[in-house]
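All remarks here apply to the structure that follows.
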Amino acid sequence: YGWVPSECNCTDQQESSTSLLSSSSLSNNNKTNRGRARHLVRNYKLSKDAHGVKHHGATFATTTHQNTQIAKLTALDSILYSLTQQVFAQQLKDIETEYEVQLCNEF
């Protein structure tokens, strides 16, 4: 607590595109950071984690009422998502200011 891990600190790098705040994408799983490869590992096993439930999304029919409820939930979720992006961006700016660092956008 109170420090920025070295793999997140791109203060000394020349390219301005390395800043997390200047990037349109907040993560990129196949890039390297200071010579170290970074990859997202998904520990999902369909046979274990699906708990025996078969996919039925393509054949599942919803009612008009369900479609209305899904649309309302999606609209509210979009608002929440937008607000959390704004809060996250502000938190990044605050961290960069407080610790005088430039955060990396490649992990």
Side-chain angles (χ1 to χ4, degrees):
Y1 193 69
W3 58 278
V4 176
S6 61
E7 60 267 10
C8 298
N9 185 348
C10 286
T11 303
D12 297 331
Q13 293 190 11
Q14 298 296 323
E15 296 179 34
S16 62
S17 64
T18 59
S19 172
L20 185 58
L21 295 175
S22 68
S23 172
S24 60
S25 172
L26 293 178
S27 66
N28 190 334
N29 300 325
N30 296 320
K31 298 287 184 177
T32 59
N33 184 16
R34 297 185 183 181
R36 295 185 304 258
R38 297 290 209 179
H39 300 283
L40 176 65
V41 177
R42 285 183 57 198
N43 294 321
Y44 180 81
K45 295 181 181 172
L46 183 61
S47 60
K48 175 183 174 276
D49 296 323
H51 305 287
V53 177
K54 294 184 189 255
H55 175 71
H56 60 272
T59 60
F60 186 76
T62 55
T63 66
T64 302
H65 176 70
Q66 288 172 325
N67 290 339
T68 301
Q69 296 299 89
I70 290 168
K72 287 179 184 178
L73 183 59
T74 301
L76 291 172
D77 189 52
S78 295
I79 293 168
L80 179 61
Y81 181 73
S82 177
L83 289 172
T84 56
Q85 281 184 309
Q86 293 172 26
V87 168
F88 184 64
Q90 184 60 51
Q91 290 173 336
L92 292 174
K93 288 178 187 176
D94 292 346
I95 289 169
E96 287 187 334
T97 300
E98 181 178 349
Y99 296 102
E100 298 177 354
V101 298
Q102 182 178 3
L103 297 174
C104 303
N105 69 348
E106 297 178 352
F107 298 97

* **Heavy-atom check, side chain of Leu73 versus side chain of Gln69, under 4.5 Å** =>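 They are not in side-chain contact.
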Measuring from [X]:[atom1] to [Y]:[atom2], what's the distance to the nearest 0.5 Å?
X	Y	atom1	atom2	answer
Cys8	Asn105	SG	CG	11.5 Å
Asp94	Tyr99	CG	OH	10.5 Å
Leu80	Gln85	CG	CD	10.5 Å
Ile70	Thr74	CD1	OG1	7.0 Å

* Keeping the roles fixed (side chain from Thr84, backbone from Tyr81), state whether a donor-acceptor pair exists under 3.5 Å. =>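 Yes, because the side chain of Thr84 sits within donor-acceptor range (under 3.5 Å) of the backbone of Tyr81.
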* Smallest separation among heavy atoms of Val101 and Thr11, with atom names ->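 Closest approach of Val101 to Thr11: CA-OG1, 3.1 Å.
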* Over all heavy atoms of both residues, which pair between Glu96 and Leu103 is shortest? Give the atoms and the distance, please. =>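 It is OE2-N, 2.8 Å.
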* **Residues forming a side chain to side chain donor-acceptor pair (under 3.5 Å) with Asp77, sequence neighbours excluded** =>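 Applying side chain to side chain donor-acceptor pair (under 3.5 Å) to Asp77 gives none.
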* To do: Identify, with sequence neighbours excluded, every residue that meets side-chain contact (heavy atoms from CB on, under 4.5 Å) alongside Thr63.
  =>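 For Thr63 the side-chain contact (heavy atoms from CB on, under 4.5 Å) partners, ignoring immediate neighbours, are His65, Gln66.
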